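One structure below.
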Protein chains: 2
Amino acid sequence: MFSNFALFSRFTMSIAERKEREKAEMRSLILSAAHHIFKEKGYDGLNIRSIAERIEYSPATIYLYYKDKNEIFYALQYEAAAAKRDHLIPAASIEDPWQRLIEFGRLYVDFGLKHPDWYDLLFLTRAPMEHIENQECWTLGLATHSFFTETVQACVDARYFKSTDTQTIAYTLWCHAHGLVSLFVRERMRMYPPEIREELAKKSFTMMVKMAEGL
Amino acid sequence: MFSNFALFSRFTMSIAERKEREKAEMRSLILSAAHHIFKEKGYDGLNIRSIAERIEYSPATIYLYYKDKNEIFYALQYEAAAAKRDHLIPAASIEDPWQRLIEFGRLYVDFGLKHPDWYDLLFLTRAPMEHIENQECWTLGLATHSFFTETVQACVDARYFKSTDTQTIAYTLWCHAHGLVSLFVRERMRMYPPEIREELAKKSFTMMVKMAEGL
DNA sequence: CACCTCACTAAACAATGTTTAGTAACTTTG
DNA sequence: CAAAGTTACTAAACATTGTTTAGTGAGGTG
């Protein structure tokens, strides 16, 4: 792809392009290492030196490709957001908005319970939230959230609820699902025996669906 | 109080007692410093050296009174749990279980929004959860949680709901309240303009109460 | 071929949790 | 009361981790 072009412009572009490509490859290599370490050791076990060791470069090299650890964090958050979106995609094809909403919720909770570290990264890690609005991970998360509120809107439009306050309905449902997953992920359910926790979560989800039907 | 006793048992107890008292005082001094720093700089700004500096002792001294930073963390969590319990106490005097439950929920959310750092410490900080069950802070939190489930049980007994599944009802309500506060505390509500966030939370709480009425 | 740019690194710095070895004051004992 | 023992405390060090600095050498340029 680039090599043909290179024949014509060896002195103007090809080297610069190759360097750019190599730069992108290196960024991707770093991120992939970070991803693996995160999956193995969690966010706490993820540090610059461990990334450097894994890719067999010095720690200082990392800083030539990412400004600081926060940038790597943002990139990981993007991966988490993408994983979440992919997990939720099957719901999008359901025609009936109410059924779509239920499946969306079910998959949302399912994602949280199956990938607690991803969920944690997205919604529970304190980490850098300063200029998160400018980050791709936020944009992606926002898109998924929009899909959710649009589905709620579709339910409202189709008169599935008596209430027409789409915003509050959507927010309330989100609060429940998020609270449910959060208590799981951060282990604040220890008053319940471990073997009933997942069952309780499912029962609660079902109950919330029933409650929403009466809205 | 002790001094009289000391006249009789100078060689057996008084010195040991005074030392014990001094030890307790020192622990309390350290904790109080930690408390202040936590309130001013948050958990991230809280470190052993800053505590040591505030009480004008060397950092190593801290370790003579607390095994490690986790122990200080547990002690702070206890303070947070006590603050939460105190905040919720007014609800306890309400006779009608349904009104008591509503007020309990309102105060719970109110506590979270007014003291995000305390709430964070109790429910969102990753920190050490290994042997938390043996810690006083957990016992206290459990007591508050029991008060909550007992109130739900009272509502069930008084036939305020059609459902009799106390556990699931309580858990569902908790999920919503916890999710609501968590999204606030960890700043995941940036898709809503700041000025409507608190209003939205209140509307959602009201909506949840209405939904619960139909349970 | 001399120059230069740039990717990379060793080493250091800073912050923070924690341990060690020692000192000085206090307590007990003869 | 003096010697011996115990204890509270500390300076200094060590370990970990994020980040910066000063350089080095290999590859590209004129």
Side-chain angles (χ1 to χ4, degrees), chain A residues 6 9-31 33-34 37-38 41-76 125-128 130, chain B residues 2 6 9-31 33-34 37-38 40-76 125-128 130:
Chain A
S9 56
R10 207 176 114 223
F11 299 102
T12 54
M13 287 299 299
S14 80
I15 288 175
E17 273 174 10
R18 195 202 67 214
K19 295 219 165 167
E20 197 138 326
R21 185 160 25 92
E22 281 171 357
K23 189 131 192 164
E25 274 164 12
M26 190 68 164
R27 275 178 70 96
S28 148
L29 183 67
I30 291 169
L31 187 60
I37 294 164
F38 173 73
K41 313 262 183 90
Y43 191 67
D44 288 342
L46 177 64
N47 59 62
I48 301 290
R49 277 174 179 78
S50 67
I51 298 174
E53 197 176 344
R54 190 175 237 272
I55 64 173
E56 294 177 293
Y57 281 81
S58 93
T61 303
I62 310 281
Y63 288 87
L64 301 174
Y65 296 92
Y66 287 93
K67 193 176 120 277
D68 53 23
K69 209 189 164 189
N70 284 354
E71 267 205 1
I72 298 176
F73 172 82
Y74 287 138
L76 273 181
T125 299
R126 186 150 15 210
E130 300 98 46
Chain B
F2 286 122
S9 58
R10 207 177 114 224
F11 299 102
T12 55
M13 286 301 298
S14 80
I15 288 176
E17 274 174 9
R18 195 203 66 215
K19 294 219 164 167
E20 198 137 326
R21 185 161 24 92
E22 281 172 357
K23 188 131 192 164
E25 275 164 11
M26 190 67 166
R27 273 180 71 96
S28 145
L29 183 67
I30 291 168
L31 187 60
I37 293 164
F38 173 74
E40 276 164 29
K41 313 261 183 90
Y43 191 65
D44 288 341
L46 178 64
N47 58 64
I48 301 290
R49 279 174 177 80
S50 67
I51 297 174
E53 198 177 343
R54 189 175 238 270
I55 64 173
E56 295 178 292
Y57 282 82
S58 91
T61 302
I62 310 281
Y63 288 88
L64 300 174
Y65 297 91
Y66 288 92
K67 195 175 118 279
D68 53 23
K69 208 190 166 188
N70 284 354
E71 267 204 3
I72 298 176
F73 172 81
Y74 287 139
L76 273 182
T125 299
R126 185 152 16 211
E130 300 96 45

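Residue numbering restarts at 1 for every chain, and letters A, B, ... go by the order of the sequence lines. Here the structure is a predicted model, which is why all the values come from computation and not from measurement.
- Where A/K23 and B/G45 each meet DNA chain C at their nearest nucleotide, the meeting point lying more 5' is that of A/K23.
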Where do A/Y65 and A/E71 land on the side-chain contact (heavy atoms from CB on, under 4.5 Å) test, with the steps shown first?
CA-CA 10 Å; A/Y65 296 92; A/E71 267 205 1; over 6 Å; no
Does the side-chain contact (heavy atoms from CB on, under 4.5 Å) test come out yes or no for B/I30 and B/Y66, once each step is laid out?
CA-CA 9 Å; B/I30 291 168; B/Y66 288 92; 3.7 Å; yes
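- Spacing between atom CD1 of B/I51 and atom C1' of C/dT16 amounts to 12 Å, rounded to whole angstrom units.
- Using a 4.0 Å heavy-atom cutoff across all strands shown, B/L46 reaches sugar-phosphate atoms only and no base atom.
- A cation-pi arrangement is present between A/K69 and A/Y43 under the rule of less than 6.0 angstrom and at most 45 degrees off the ring axis.
- As a whole-Å value, the separation of A/L29 CG from C/dC8 P is 10 Å.
- Each of D/dT10, C/dT9, D/dT19 was ranked by its minimum atom distance to the side chain of B/S58; first place goes to D/dT10.
- The distance from atom CD of B/E22 to atom P of C/dA25 is 16 Å, rounded to the nearest whole Å.
- Note: CD1 (B/I48) to P (C/dT16) measures 11 Å, nearest angstrom.
- Less than 4.0 Å separates DNA chain C from at least one heavy atom of each of the following residues of residues 60-67 of chain B: B/A60, B/Y63.
- The OH atom of B/Y57 sits 13 Å away from the P atom of D/dA11 (whole-angstrom rounding).
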Evaluate the side-chain contact (heavy atoms from CB on, under 4.5 Å) criterion for residues B/I72 and B/I48: first the C-alpha distance (whole Å), next the side-chain angles of each, then the deciding distance (0.1 Å), finally the verdict.
CA-CA 10 Å; B/I72 298 176; B/I48 301 290; 4.2 Å; yes
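- Using a 4.0 Å cut-off between charged side-chain N and carboxylate O, A/R27 and A/E22 make no salt bridge.
- Using a distance-only test at 3.5 Å, with no hydrogens or angles considered, no donor-acceptor pair links the side chain of B/N70 to the main chain of B/F73.
- C/dG17 atom C1' lies 10 Å from atom CG of B/N70, rounded to whole Å.
- With rounding to whole Å, B/N47 atom CG is found 5 Å from C/dG17 atom P.
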Report the C-alpha distance between A/T61 and A/M26 in whole Å, list the side-chain angles of each, state the deciding distance to 0.1 Å, and finish with yes or no for side-chain contact (heavy atoms from CB on, under 4.5 Å).
CA-CA 10 Å; A/T61 303; A/M26 190 68 164; 3.8 Å; yes
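- Here the C1' atom of nucleotide C/dA14 and the CZ atom of A/R49 are 12 Å apart, to the nearest Å.
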